[in-house]
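Comments concern the structure below.
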Protein chains: 2
Amino acid sequence: MEKTKELLKKASIFSSLSDAELSEIVQNGRLKKIAKDSIIFRQGEEATGVYVVVKGRVKVYKLGVDGRQHILHIFGEGETFAEAAVFAGKTYPAFAEAVENSTVFYLYKDRFLYLIERKPSLALKMLGSQAKLLREFASKLEVISLREVSGRLAKYLLGQIEIASRKTKSGLEIRLPMNKTQLASYLGTVSETLSRTLKSLKEQGIIEEENHKIIIKKVEALKDLSG
Amino acid sequence: MEKTKELLKKASIFSSLSDAELSEIVQNGRLKKIAKDSIIFRQGEEATGVYVVVKGRVKVYKLGVDGRQHILHIFGEGETFAEAAVFAGKTYPAFAEAVENSTVFYLYKDRFLYLIERKPSLALKMLGSQAKLLREFASKLEVISLREVSGRLAKYLLGQIEIASRKTKSGLEIRLPMNKTQLASYLGTVSETLSRTLKSLKEQGIIEEENHKIIIKKVEALKDLSG
DNA sequence: CTAACTTTTTGATTTAAATCAATTTAAAAC
DNA sequence: GTTTTAAATTGATTTAAATCAAAAAGTTAG
């Protein structure tokens with residue numbers, strides 16, 4: 001219980017809650033450990049509650065008829081997911097799967113709605129995080145509507161620079177949050193094409209690759225490609 | 001004043017408000033008439049408030065470097081837009097432009113936030129509408145990540161059947177909410193290709209076209225195309 | 001350490017769609 | 001009703017990327 005509270009307090013959505021309120025939340029949901037690659041919920045299942053990522057990362061995706069995954073978003077620690085399902089629909093509109101061994105907190109729908117009604121700051125936080133997600137979707141739409149894969153990749157990398165890059169002496173370093181097959185799918189292409197596109201960028205000296213990191217050498221060149 | 005209140009009451013987000021609350025809102029914003037094709041705000045401008053469409057339709061889009069528009073959404077009467085900007089950022093992340101002669105209600109940011117904090121039902125309504133938008137974005141992502149234009153078009157039409165179709169003796173009738181150049185852009189293609197794709201569907205007897213309406217003759221065939 | 005499996009890369013070919021160019025049709029302005 | 005402007009269609013060509021096939025590199029398991 002106390003441990004759970006500690007974990008939840010780290011989640012941005014709950015950060016403004018008092019100790020008593022946190023206790024209330026803990027009592028109305030439960031912690032679930034999810035093994036890597038396990039499915040948390042399936043598209044079409046009844047949406048019975050919302051989730052908060054306490055540890056690890058969770059991938060939310062839709063499944064195409066050909067079996068391909070369209071990754072909508074990868075949620076990290078402290079982020080909430082599936083609220084939209086609880087508000088807008090009766091069923092989850094996508095799949096959720098743990099990318100790595102993860103822990104999530106599951107909060108029952110009714111209880112969640114009740115809390116939001118009573119705690120305006122929670123609602124505001126939530127509106128803020130949904131707005132953020134909306135922006136990300138919009139930016140992903142932008143990425144994907146570029147016709148050339150090199151442009152999409154460039155735009156993606158530029159986006160990653162904002163979110164998660166490290167400056168080193170050799171350049172801006174990005175650790176890809178997914179493997180290349182997944183990234184290809186995210187960019188609306190296939191792994192073969194992504195592989196060739198990366199190769200071409202490397203040959204032009206725009207990027208370098210090392211371990212699972214990409215080092216940006218020429219940010220300007222990426223900007224040119226992305227527009 | 002009274003007239004404005006009448007108009008606002010129709011907007012789903014305000015429908016649960018009392019007369020006094022509506023008055024408060026009316027006092028804290030103002031009605032703006034927007035001529036067709038006029039720009040309401042520009043990408044990068046400071047986000048000073050939210051908008052509610054009272055009459056007409058408003059297109060929200062991003063501008064590519066090549067001048068092409070990526071339409072994110074077209075908002076109709078009663079819908080709110082730009083809340084995300086107010087929550088998540090300092091500036092509007094896109095352009096807003098009236099598709100037809102429209103009237104919008106503009107609500108100042110601070111006032112809007114204050115109202116939400118005080119009125120939980122407003123927050124819930126808003127969360128619901130954001131969730132809906134999120135779903136639409138997700139579905140648009142699905143549409144656009146199909147590789148073939150025929151598939152994207154099919155998926156789009158199937159989606160429109162859900163939202164806005166009329167059954168007639170000749171089939172399911174859809175009135176396109178935008179012109180074909182815009183639709184092409186929405187589907188991530190160009191007007192020439194859309195034109196050819198529509199022609200091909202017509203030749204296969206899957207759809208017919210009349211005025212600005214599309215009549216679906218074979219729903220099953222569309223489903224095949226979309227997956 | 002070797003085997004089995006998965007992911008990534010490279011090559012050759014095919015294909016859908018973008019582009020370029022021009023015409024037809026429709027809508028708006030005069 | 002005629003002119004002007006914009007939208008939609010059609011044709012010919014080019015191009016980027018998907019597909020098919022196989023090898024190489026990297027991971028995991030026994």
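Order of the sequence lines sets the chain letters (A, B, ...), proteins ahead of strands, with each chain counted from 1. All values reported here derive from a predicted model rather than from experimental measurement.
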[X] side chain N/O closer than 4.0 Å to the phosphate oxygens (OP1, OP2) of [N]?
X	N	answer
B/Ser191	D/dT9	no
B/Thr193	C/dA16	no
A/Lys199	C/dT8	no

Closest to the side chain of B/Val190, out of C/dT19, C/dT9, D/dA8, is C/dT19
Winner on side-chain proximity to A/Lys202, out of C/dT19, C/dT9, D/dT9, is C/dT9
From [atom1] of [X] over to [atom2] of [N], roughly how many Å is that when rounded to an integer?
X	N	atom1	atom2	result
B/Leu198	C/dT25	CG	P	17 Å
B/Leu146	D/dA18	CG	C1'	14 Å
A/Leu225	D/dA16	CG	P	13 Å
A/Leu187	D/dA17	CG	P	11 Å
B/Lys180	C/dA27	NZ	P	11 Å
B/Asn179	D/dT5	CG	P	19 Å
B/Asp37	C/dA29	CG	P	10 Å
B/Arg196	D/dT13	CZ	C1'	11 Å

Does [Y] offer a backbone N or O that forms a donor-acceptor pair with the side chain of [X] under 3.5 Å?
X	Y	result
B/Asn101	B/Ala35	no
B/Arg152	B/Gly188	yes
A/Ser102	A/Glu100	yes
B/Lys180	B/Leu194	no

Partner of A/His73 under side-chain hydrogen bond (donor to acceptor under 3.5 Å, both in side chains), picked from A/Glu136, A/Lys140, A/Lys59, is A/Glu136
Heavy-atom side-chain proximity of B/Phe95 to B/Val60 below 4.5 angstrom
no
Check the interface with nucleotides 24-30 of chain D: list each N/O to N/O pair with the protein under 3.5 Å, or write none.
{"from": "D/dT27", "atom 1": "OP1", "to": "A/His212", "atom 2": "NE2", "distance (Å)": "3.4"}

On DNA chain D, more 5' by nearest nucleotide between A/Glu148 and A/Glu192 is A/Glu148
Worked verdict on A/Leu158 versus A/Lys223 for side chain to side chain contact (heavy atoms under 4.5 Å, CB included): CA-CA 8 Å; A/Leu158 289 170; A/Lys223 286 186 186 162; 3.9 Å; yes
